[in-house]
*Asks:* 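Have a look at this one.
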Amino acid sequence: MHCVSLLPILTPSLIPISNTVRIYEYNNEIIGINIKSIVRKIHLLAFLKCISVYIQKMDCSFTHDLKSSLGLCISRASAAVLNLNCSLVLLPMCRSLLTFVRGTHTVSSRGTRRLLDKSKTFHVACGIAICIFSVVHVSAHLVNVVNFSTSYSDDFPALNLARYKGEVLPGVTGVLLVLILFLMFMSSSYCVRMSNYEIFWYTHNLFIVFYIILLVHMVGGALKYQTNMEAHPPGCLRANQSSARRQDENQDQDENRCSEDAHFQSHYPQTWLWVSGPLCLYCVERFYRYIRSGDPVTIVTVMKHPCDVIELRMVKKNFKARPGQYVVLNCPDVSTFENHPFTLTLCPTENKKTFGIHLRVVGDWTERLMQLLLPQSRVDMEILPIFQQRRYPKLYIDGPFGSPSEEVFNYDVSLCVAGGIGVTPFACVLQALLNDWTGFRLQRLYFVWVCRELQSFYWFADLICALHHKFWQENRPDYFNPKLYVSQAENLQTMYEEKYHQLTSRLLIGRPKWKLLFDEIGKANKQKRVGVFCCGPKGISRTLHRLCNSSTSWGTTFEFNKESFS
Ligand SMILES: NC(=O)C1=CN([C@@H]2O[C@H](COP(=O)(O)OP(=O)(O)OC[C@H]3O[C@@H](n4cnc5c(N)ncnc54)[C@H](OP(=O)(O)O)[C@@H]3O)[C@@H](O)[C@H]2O)C=CC1
Ligand code: HEM
């Protein structure tokens, strides 16, 4: 049964799903969709549908008779679902393609574009489905192997896998696939990725070996189907004996004889049909990214900021990016294969090709990079920019890649909530508004930034003051509403510098009272849809997500957009 013929099985099983999956709609636009529940339901229905079809398939009945048909059908059905997932799992990781789709607005509806934010969630859901259905597939195959081995068929030798009754059948490629999947799955856990990213990264790249073995795995052609159903219908009285031969032996028996022996053929490797497209697409994408990231950037400035933050300003030929996007940084002097994503805090413009990132020194990779960028003698210098005409390490960037923060400009009202260094996506947004705020749909921006220490606000104090001043100058004081929260009140000073006096009045102690903040924004923007963007500790995004999904007063709708390196 070819993959194309498999689609009629999968498609009908997808239809009931749309009635059961929770899709949050507003004005007929999809504003929130539960990706995980959709993926779960698709897989379950597709799996059950495939089982029912295989059980009824007449061209496999001899095989079914020979072995326990349930084991065969489960292994075939789980293989069909694995084919589907092994083709889907790569698509969300075609990041440049997703960035292109997001940027060119080929997808006009924002609700549909917001699905792109779920790309990593979708990828993980497919990855987990691959692991689960691999367990089902292997278990069913173990049952089949026992059956193939014990119920050896003398009538239909072509159907046997074993060369003789009782032979133990090899499954080397299957064992290797399970081993690789186990390593990938275990190293993809959140705690491994947060504590030791390179373990995740190196293990995850085993996916290349996974696909090579998967394509070989199919060559075996273990399972066969009958090709001459009419000439030798299943269930005929004399197994595999043509009527001509039988007439010599037993003239008087005139029951209906088959006209020829049963012929069998191995299934065509459907996986090749399912996987070849997405695999080629992903390889083209990686090759494009490899060529694009081939030239190192030119480092223009390295600045040391308070609270272990370094600002890097760079230039690179033909580099273009939009506010909210991120790049993946690689420094061979630190680690050849290790790449880390950083959101752009300064985008290149027509007049100025410089772009920049702010990185917080929190792990060994950033620690080593800081030592290479800032010689020890100067690391503890003040905020003032340190222009160093020294030999910097070679830095390579892959990207830019899209992120939810690009949608900030596509709402009438947006609320940007940053926790600590999570301010980076919004710094670029503020910079773009400072350059020219008139070209966007956005008419009001609430900016909430929570930091542990007061010094953190110095990272972008000049930018926030400049933007605040600009809107007052252009008689739009209601456009930009910054609120800065210092969560740790011990030894709190204030921002004494005169140039930051506007911030002093907007400085608050402790964590924000989110419910109060939402009520305040709801009251000021009745009947409107507010885009809520969050980047920072998980605690903040969980709280905001819950508030966005709970009913609000004043008829205001809050649409949650969680920032992540999708
Ligand atoms: N594009 C992206 O996806 C980016 C993501 N990030 C992420 O942003 C995070 C920022 O890290 P870091 O700078 O260390 O942040 P911190 O751990 O320093 O926390 C920043 C502030 O958030 C406050 N906070 C934490 N939880 C809550 C909550 N539930 N409600 C209100 N306030 C809360 C803390 O208050 P308290 O002191 O009371 O704990 C603290 O003042 C990182 O997890 C990083 O991965 C960073 C950059 C870009
Ligand atoms: C056969 C199964 C899988 C394949 C083929 C696969 C493949 C990939 C690929 C190609 C990437 C992108 C690398 C890049 O271009 O940057 C990736 C990233 C990722 N995968 Fe998988 N994956 C699989 C299973 C899983 C599973 C089971 C999980 C989680 C439980 C997972 C979690 C992730 C995460 C979180 C990323 C993003 C890393 C980042 O952007 O920081 N994957 N995977």
Side-chain angles (χ1 to χ4, degrees), residues 82 85-96 119-132 134 177 180-190 192-194 197 200-201 203-211 214 275 278-279 282-283 285-286 289-290 307-309 324-326 328 339-345 357-360 362 398-399 401 403-405 417-428 448-453 456 459 484-490 510-514 517 533-544 562-566:
L82 284 169
N85 279 284
C86 287
S87 62
L88 292 177
V89 74
L90 284 174
L91 297 179
M93 290 301 145
C94 294
R95 291 193 175 94
S96 304
S119 56
K120 195 193 279 190
T121 308
F122 182 71
H123 168 80
V124 172
C126 289
I128 292 172
I130 288 172
C131 298
I132 294 170
S134 298
L177 286 172
I180 291 173
L181 262 184
F182 177 75
L183 289 173
M184 287 178 71
F185 181 75
M186 295 314 287
S187 65
S188 304
S189 62
Y190 180 76
V192 171
R193 275 186 287 133
M194 289 303 122
Y197 192 82
F200 159 75
W201 184 252
T203 323
H204 220 67
N205 279 294
L206 281 174
F207 80 88
I208 300 160
V209 179
F210 176 84
Y211 273 105
L214 180 68
V275 163
L279 199 52
Y282 182 74
C283 292
E285 149 104 11
R286 282 307 288 262
R289 284 165 51 182
Y290 173 75
C307 311
D308 298 330
V309 164
Q325 293 188 325
Y326 70 93
V328 179
N339 308 288
H340 288 268
F342 294 97
T343 307
L344 291 169
T345 50
I357 59 170
H358 282 63
L359 59 93
R360 180 165 234 173
V362 282
D398 184 5
F401 300 110
S403 89
S405 305
V417 178
I421 194 65
V423 69
T424 48
F426 309 127
C428 234
V448 177
W449 186 10
V450 197
C451 289
R452 197 150 282 146
E453 299 151 77
S456 304
W459 303 336
L484 309 179
Y485 291 83
V486 185
S487 59
Q488 302 295 339
E490 297 91 51
R511 292 183 170 189
K513 293 175 179 51
W514 301 112
L517 179 72
F533 297 84
C534 174
C535 183
K538 278 190 173 298
I540 300 181
S541 55
R542 268 197 293 272
T543 307
L544 297 182
K562 179 180 179 315
E563 180 62 25
S564 75
F565 293 119
S566 49

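Below, each value reflects all heavy atoms present in this structure, side chains not excepted, and no hydrogens, waters or symmetry copies. In listed order, ligands and their atoms are each counted from 1.
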*Asks:* So, is His123 polar-close to ligand 2, with some N/O to N/O distance under 3.5 Å?
*Replies:*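 N/O-N/O distance under 3.5 Å: yes.
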*Asks:* Ser187 and His204: side-chain donor and acceptor closer than 3.5 Å?
*Replies:*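 Ser187 vs His204: no donor-acceptor pair found between side chains.
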*Asks:* Answer side chain, backbone, both or neither: which part of Met186 comes under 4.0 Å from ligand 2, heavy atoms only.
*Replies:*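 Answer for Met186: neither.
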*Asks:* Does ligand 1 have a heavy atom under 4.0 Å from the side chain of Arg511, from its backbone, from both, or from neither?
*Replies:*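 Side chain only.
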*Asks:* Under 3.5 Å, is there a donor-acceptor pair between the side chain of Glu285 and the main chain of Arg95?
*Replies:*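 Indeed, once roles are kept as given, a pair shorter than 3.5 Å links the two residues.
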*Asks:* With atoms numbered from 1 as shown, which atoms in ligand 1 lie under 4.0 angstrom from a non-hydrogen atom of Gly422?
*Replies:*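 Contacts of ligand 1 toward Gly422, numbered from 1: 8 (O), 10 (C), 46 (C), 47 (C).
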*Asks:* Out of Arg289, Met184, His340, Arg193, who is nearest to atom 35 (C) of ligand 2 when you count heavy atoms only?
*Replies:*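 It is Arg193 that holds the nearest heavy atom.
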*Asks:* Once you restrict to heavy atoms under 4.0 Å, what part of Thr343 touches ligand 1? Side chain, backbone, both or neither.
*Replies:*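 Under 4.0 Å from ligand 1, Thr343 contributes side-chain atoms alone.
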*Asks:* Counting each atom of ligand 1 from 1 as listed, which ones have a heavy atom of Gly539 under 4.0 Å away?
*Replies:*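 Once the distances to Gly539 are compared, the set is 29 (N).
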*Asks:* Hey, looking at atom 10 (C) of ligand 1, which of Gly324, Gly419, Gly420, Cys535 has the closest heavy atom?
*Replies:*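 When every heavy atom of Gly324, Gly419, Gly420, Cys535 is considered, Gly419 comes closest to atom 10 (C) of ligand 1.
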*Asks:* Please say whether Ser188 places an N or O atom under 3.5 Å from an N or O atom belonging to ligand 2.
*Replies:*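 No, since none of the N or O atoms of Ser188 sits under 3.5 Å from an N or O of ligand 2.
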*Asks:* Between Gln488 and ligand 1, which part of the residue brings a heavy atom under 4.0 Å of the ligand: side chain, backbone, both or neither?
*Replies:*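 Side chain only; the backbone of Gln488 stays clear of ligand 1.
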*Asks:* Less than 3.5 Å between some nitrogen or oxygen of His204 and one of ligand 2, yes or no?
*Replies:*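 Yes, there is a polar N/O contact under 3.5 Å.
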*Asks:* Compare every heavy atom of Pro512 with every heavy atom of Val448, then report the nearest pair and how far apart it is.
*Replies:*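 Taking every non-hydrogen atom into account, CG1-CG, 4.2 Å.
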*Asks:* Just heavy atoms, cut-off under 4.0 Å: does Val328 contact ligand 2 by side chain, backbone, both, or neither?
*Replies:*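 No part of Val328 is near ligand 2 at this cut-off.
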*Asks:* Is the gap between the ring centers of Tyr282 and Tyr211 under 6.0 Å?
*Replies:*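 Between Tyr282 and Tyr211, the centre distance exceeds or equals 6.0 Å.
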*Asks:* With a 4.0 Å cut-off on heavy atoms, does Glu285 reach ligand 2?
*Replies:*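 So Glu285 does not count as touching ligand 2.
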*Asks:* Measure the spacing between OG1 of Thr343 and CD1 of Ile357 and express it to the nearest 0.5 Å.
*Replies:*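 Taking OG1 in Thr343 and CD1 in Ile357, the distance rounds to 9.5 Å.
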*Asks:* Which ligand 2 atoms are under 4.0 Å away from a heavy-atom of Val124?
*Replies:*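 Here the atoms of ligand 2 in question are 29 (C), 30 (C), 32 (C).
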*Asks:* Using a 4.0 Å cutoff against the non-hydrogen atoms of Ser487, which atoms of ligand 1 qualify?
*Replies:*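 Answer, ordered by atom number: 35 (O), 36 (P), 37 (O), 38 (O), 40 (C), 41 (O).
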*Asks:* Answer side chain, backbone, both or neither: which part of Trp201 comes under 4.0 Å from ligand 2, heavy atoms only.
*Replies:*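 The side chain, only.
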*Asks:* For atom 21 (C) of ligand 1, state which one of Val450, Asp308, Leu359, Leu344 supplies the nearest heavy atom.
*Replies:*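 Closest candidate by heavy-atom distance is Val450.
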*Asks:* Please report whether ligand 1 has a polar contact with Pro512, defined as an N or O pair separated by less than 3.5 Å (distance criterion only).
*Replies:*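 No, no N or O pair falls under 3.5 Å.
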*Asks:* At under 4.0 Å between heavy atoms, is it the side chain or the backbone of Arg542 that contacts ligand 1, or both, or neither?
*Replies:*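 Neither; nothing of Arg542 gets under 4.0 Å from ligand 1.
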*Asks:* Which ligand 1 atoms does Cys451 reach within 4.0 Å, using its non-hydrogen atoms?
*Replies:*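 In order of number, 41 (O).
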*Asks:* Hey, is the main chain of Gly420 close enough, under 3.5 Å, to the side chain of Trp449 for a donor-acceptor pair?
*Replies:*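 Yes, because the side chain of Trp449 sits within donor-acceptor range (under 3.5 Å) of the backbone of Gly420.
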*Asks:* Would you say the side chain of Trp459 lies within less than 4.5 Å of the side chain of Thr345, judging by non-hydrogen atoms?
*Replies:*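 SC-SC contact between Thr345 and Trp459 ruled out.
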*Asks:* Would Thr424 count as a polar contact of ligand 1, with the cut-off being nitrogen or oxygen pairs under 3.5 Å?
*Replies:*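 N/O-N/O distance under 3.5 Å: no.
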*Asks:* Could you give the distance from CG (Asp308) to CG (Leu359), rounded to the nearest 0.5 Å?
*Replies:*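 If we round to the nearest 0.5 Å, Asp308:CG and Leu359:CG are 10.5 Å apart.
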*Asks:* Which of the numbered atoms in ligand 1 are under 4.0 angstrom from any heavy atom belonging to Arg360?
*Replies:*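 The list of qualifying atoms is 12 (P), 13 (O), 14 (O), 18 (O).
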*Asks:* Out of Tyr282, Phe401, Phe200, whose heavy atom sits nearest atom 13 (C) of ligand 2?
*Replies:*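 Ranked by closest heavy atom to atom 13 (C) of ligand 2, first place is Tyr282.
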*Asks:* Is ligand 1 under 4.0 Å from a heavy atom in the side chain of Trp514, in the backbone, in both, or in neither?
*Replies:*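 The part of Trp514 near ligand 1 is the side chain, not the backbone.
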*Asks:* Apply salt bridge (charged side-chain N to carboxylate O under 4.0 Å, His left out) to Arg360 and list each qualifying residue two or more places apart in sequence or on a separate chain.
*Replies:*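 For Arg360, no residue satisfies salt bridge (charged side-chain N to carboxylate O under 4.0 Å, His left out) once neighbours in sequence are set aside.
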